[in-house]
Asks: 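Input: one structure, supplied below.
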Amino acid sequence: GVQSVELCEKWVLSNGLNASVLGSVNRGRDWGPFVGLTQLFPDIEFAAILKLHTKRSPHRNDGGHWFQHLVEGLLPSGTAADSVLGEFATQPEASCMVAARGSLVPIGDWLEQAGSPKSFAFASEHWSTDVRKLEYPAGSMMWMNMDVWRALSRLDLTPTDFEPELGQLDGTLAHALERHTAIIAKQLDSGIALM
């Protein structure tokens, strides 16, 4: 709500950061607002984008540890950004980079086992090949190049396309988008690399 945005703006100012805070409706978990950002700014140019979010995994005993693993894997030091940009330069075939060890997981039979009507509809439109063996960044945190950003910006999605937030643990359109990163990498003839 408005209070949360104001609180974030105060935090940004008090920490001397050059940042903008944008509010969003609570739909699509981290993916709804992220796709919205790509659509607001489809033509921005950066060497890479870091997608981080708060991660709660109450269904996992190791949820807190896994979150820490992802963040530390993506930001191993104060010079992590320079390191990642160097990795992208030396691995032009990689469109995304994820934290090592356990971050890449095959899509497998996820859609048949956990898919919602909205994730099935999205997959039938965008997943034209057999995707079972493609590996996606579990946890939805990654570095991505601008080709991935632009591919996400072209998705015809709005906040109302996402299911209402009801504490779902899996199966939603947001979970399909998490896996869709692997589809985008394949379409770009690139891959997802471990850091």
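Please read these numbers as outputs of a predicted model, since none were measured by experiment. Reckoned from all heavy atoms, side chains included, excluding hydrogens, waters and symmetry mates.
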Asks: How far apart are the closest heavy atoms of T172 and S116, and which atoms are they?
Replies: CA-OG, 3.9 Å
Asks: Closer than 3.5 angstrom, by distance alone: can the side chain of N15 be matched with the main-chain N or O of V12 as a donor-acceptor pair?
Replies: no
Asks: Write down the atom of T160, the atom of R27, and the distance for their closest heavy-atom approach.
Replies: O-NH2, 3.6 Å
Asks: Less than 4.0 Å between a side-chain N and a carboxylate O, is that true for D109 and R132?
Replies: yes
Asks: Between the side chains of H180 and W127, is a donor N or O closer than 3.5 angstrom to an acceptor N or O?
Replies: yes
Asks: Please give me the minimum heavy-atom distance between V84 and M195, naming the atom from each residue.
Replies: CG2-CE, 3.3 Å
Asks: Between K51 and M144 (side chain of the first, backbone of the second, donor and acceptor by atom type, cut-off under 3.5 Å), is there such a pair?
Replies: no
Asks: How long is the span from the NE2 atom in H53 to the CG atom in D30, to the nearest 0.5 Å?
Replies: 4.0 Å
Asks: Within the side chain of E112, is there an N or O that forms a donor-acceptor pair under 3.5 Å with the backbone of G108?
Replies: no
Asks: Between S95 and S190, do the side chains contain a donor N or O and an acceptor N or O under 3.5 Å apart?
Replies: yes
Asks: When clusters are formed by joining ILVMFWY residues with side-chain heavy atoms under 4.5 Å apart, either directly or through shared neighbours, do I49 and I183 land in the same one?
Replies: yes
Asks: Are any of the side-chain nitrogens in E163 or R29 under 4.0 Å away from the carboxylate oxygens of its partner?
Replies: no
Asks: A side-chain contact here means heavy atoms from C-beta on lying under 4.5 Å apart; do L177 and Y136 qualify?
Replies: no
Asks: Does the gap between the ring centers of F34 and W149 come in under 6.0 Å?
Replies: yes
Asks: To the closest 0.5 Å, what do you measure between OG1 (T90) and CG (L85)?
Replies: 11.0 Å
Asks: Taking the side chain as everything from C-beta on, heavy atoms only, tell me whether Q187 gets closer than 4.5 Å to H126.
Replies: no
